[in-house]
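Only this structure's heavy atoms are used, side chains among them; waters, hydrogens and symmetry mates stay out. Being a predicted model, the structure only gives us computed values, none of them experimental.
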Amino acid sequence: MDEDPAAEFLAREQDELAGLEDDGFEGAEEDIRDFESASPEIQPEETNGASEGYAAIAQVDKVRQEPEKIKKWREEQKERLAKKDSEDEIKRAEWREAAKKELEEWYLRQADLLDKTKNNNRAAEKAFIEERDADVPGEEWERIARLCDFNPKTSRHTKDVSRLRSIILQLKQQPQKAK
């Protein structure tokens, strides 16, 4: 049968610690009583959570008096820190106001730019539709030539369409015969 290793460990440790109850310090209890009677009685204050462990230390610090120079320095330091905090809050409020103002101006500029872009796009679309729908006899090849890109530098990565380009240019230059 297998025993639980944790139970085995605990039993072994208890056996080893059983002999340590008599630590061999005779008279130590009297020293502790003398120390407790000599130290001032400190009443703990009610505190919250994690600071309870430090309450006794804080009480001892209050009992022990600080030199006058340190008290004066602490007061001056508190005043300096309070002054810096108030100045920091004022600056922070000023920066917030400036940022708010700049953001509002940016939104206004963006809205104006968007309106201008919309108007330009509508006008360009209207002009394109009018040009596209205009049916002038004899200009069919002219319209086709406007839709084609005849710049040889921009079409380097495409197939060779030079023959088609030359045919379209010929048809554009020859007047169409009336039918």
* Asked: Of all residues at least two apart in sequence or in a different chain, which pass the side-chain contact (heavy atoms from CB on, under 4.5 Å) check with S86?
  -> none

* Structure fact -> Contacts of F9 meeting side-chain contact (heavy atoms from CB on, under 4.5 Å) (sequence neighbours excluded), chain-then-number -> R12, E13

* Structure fact -> salt bridge (charged side-chain N to carboxylate O under 4.0 Å, His left out) pairs touching residues 98-127, sequence neighbours excluded, are none

* How long is the span from the CG atom in L113 to the CG atom in L108, to the nearest 0.5 Å? -> 12.5 Å

* R92: what forms a side-chain contact (heavy atoms from CB on, under 4.5 Å) with it, not counting sequence neighbours? -> D88, E89, R96

* Transitive ILVMFWY cluster of L103, excluding itself - 4.5 Å side-chain cut-off -> W106, Y107

* To do: Could you note down all residue pairs passing salt bridge (charged side-chain N to carboxylate O under 4.0 Å, His left out) where residues 68-84 supplies at least one of them, sequence neighbours left out?
  => E66-R74

